[in-house]
A.B. asks: 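Below are the structure tokens for one structure; questions will follow.
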Number of protein chains: 2
Amino acid sequence: MNSNQYLQAAELHCERRGCKLTALRKQVLELVLRHEGVVKAYQVLADLQKERGAAAPPTVYRALDFLVEQGLLHRVDALNGFIVCDHFECQHESMILVCETCGKVQEVDVMAALNGLRDVAQAADFTLSHQNLMLTGLCKACRV
Amino acid sequence: MNSNQYLQAAELHCERRGCKLTALRKQVLELVLRHEGVVKAYQVLADLQKERGAAAPPTVYRALDFLVEQGLLHRVDALNGFIVCDHFECQHESMILVCETCGKVQEVDVMAALNGLRDVAQAADFTLSHQNLMLTGLCKACRV
DNA sequence: GGCTTGATGTTATACAGTAACATGCGTTCC
DNA sequence: GGAACGCATGTTACTGTATAACATCAAGCC
Ligand SMILES: [Zn+2]
Ligand SMILES: [Zn+2]
Ligand SMILES: [Zn+2]
Ligand SMILES: [Zn+2]
């Protein structure tokens, strides 16, 4: 799926969810798509300013929040950043793997494997909600 | 284990690891212990200032970093905060459960249950390192 | 037109974290 | 004792992250 296809699918996705992928939101999403891996809000802000002159933090944060809400992006807490989700259509629980060495990020589906954790949480009287985990480790290239 | 016992055990723990729980570090740890659940760096800073007048962010951050390194605290990325670990003696991988409603935090051991995730990661050519997960959900009281 | 609603613009500020350099203070070595 | 070292702490200043609060705008409805 290339960038244009993605944007089109994203637009449809939002409509189906009863909200609009406005021009601004689309532009922000596009800026995020241009990067590999994790992108930071202020990076997006800088890019946006290059394209449309004035722009302040709230503009970017609002758009990013919207995109996360729609499932188009995931927030990566540990890095204060965001990554694109390329399977936003399906309900999914994923594990976001961040390489400690090179910083590369990948997302893998993990619905089933989470059941073990759910059981443990339940045993502690705690009901896990929907999760997108962020875990660190070493990618193939960096493992040696 | 009460606060004093904890501090004493922490001191011993540091010594065994070849470093010192200095007066300052101990004081910071004590301030964190006073709170229930997640504490933020600037909250600790404010508390510290009440007790010893002047104090700047680096003072607190250095102490917190040290305590995390020694395993006495865990950092909670999603909340920019810290929690006390009350079983710092043993090598452990834990799951930190944060209630979405009341904010209460608990830590449960989860070594075994992580194996499922390890397998999935490995299938994606990714080697998970030691984890302390932070997951959200609902605690018993808030579940209704 | 007048009204409502949601998106965006604008300003200012709060919160989080770190770089860089100065100071103090025990330990070691002579 | 005194020089030299290593580490913890103090201090200043700054960068980076995020939000509050209020103003404006545009589309849809009556
Ligand atoms: Zn996803
Ligand atoms: Zn790597
Ligand atoms: Zn722990
Ligand atoms: Zn709760």
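The sequence lines fix the lettering, A, B, ..., with proteins before strands; numbering per chain opens at 1. Since we're looking at a predicted model, the values are computed, not measured.
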A.B. asks: Just verifying a value: how many Å separate B:L45 CG and B:K50 NZ, rounded to the nearest 0.5 Å?
C.D. replies: 10.5 Å
A.B. asks: Using heavy atoms and a sub-4.0 Å distance, could you list which residues of residues 38-51 of chain A are near DNA chain C? By number, please.
C.D. replies: none
A.B. asks: Answer yes if B:L135 and A:V68 sit in the same cluster of Ile, Leu, Val, Met, Phe, Trp and Tyr residues linked by side chain heavy atoms under 4.5 Å apart, and no otherwise.
C.D. replies: no
A.B. asks: For chain A and DNA chain C, what are the first and last nucleotides along the strand, 5' to 3', with at least one atom under 4.0 angstrom from a heavy atom of the protein chain?
C.D. replies: C:dA7 to C:dT11
A.B. asks: Who pairs with B:K20 by salt bridge (Lys or Arg N to Asp or Glu O under 4.0 Å), at least two apart in sequence or on another chain?
C.D. replies: none
A.B. asks: Could you list the cluster mates of B:V76? Members are the ILVMFWY residues connected by side-chain heavy atoms closer than 4.5 Å, either directly or through other members.
C.D. replies: B:V38, B:L79, B:I83, B:I96, B:V98, B:V105, B:M134
A.B. asks: For the helix from C:dG1-D:dC30 to C:dC30-D:dG1, what angle lies between the axis at the first five pairs and the axis at the last five pairs, to 10 degrees?
C.D. replies: 10°
A.B. asks: Give a yes or no on whether B:E89 atom CD has more than 12 heavy-atom contacts from other residues, nucleotides or ligands under 6.0 Å away.
C.D. replies: yes
A.B. asks: Tell me if the CD atom of A:E100 is crowded by more than 12 foreign heavy atoms within 6.0 Å.
C.D. replies: yes
A.B. asks: Take the angle between the ring planes of B:H74 and B:H92 and call it parallel below 30°, perpendicular above 60°, tilted in between.
C.D. replies: perpendicular
A.B. asks: Would A:R62 and A:D65 pass as an ion pair if we require N to O under 4.0 Å?
C.D. replies: no
A.B. asks: May I ask you to decide if A:S129's main-chain N or O and A:R118's side chain share a donor-acceptor pair within less than 3.5 Å?
C.D. replies: yes
A.B. asks: Scan nucleotides 4-15 of chain D nucleotide by nucleotide, 5' to 3', and note B when protein non-hydrogen atoms come under 4.0 Å of the base, S if they reach only the sugar-phosphate, - if neither.
C.D. replies: ----SBBBB---
A.B. asks: Backbone N or O of A:Q5 within a donor-acceptor pair of the A:Q8 side chain at under 3.5 Å?
C.D. replies: no
A.B. asks: Where is the tightest heavy-atom contact between B:L138 and B:R143, given as atom of each residue plus distance?
C.D. replies: O-NH1, 4.1 Å
A.B. asks: Take a 6.0 Å sphere around CD of A:Q49 and say whether it holds more than 12 heavy atoms from other residues, nucleotides or ligands.
C.D. replies: yes
A.B. asks: In whole Å, I'd like the distance from the CG atom of A:D77 to the P atom of D:dT17.
C.D. replies: 14 Å
A.B. asks: Determine whether a donor-acceptor pair (N or O, by modelled atom type, separation under 3.5 Å) exists between the side chain of B:E51 and the backbone of B:L48.
C.D. replies: no
A.B. asks: What is the separation between atom CG on B:N80 and atom P on D:dT17, rounded to the nearest whole Å?
C.D. replies: 11 Å
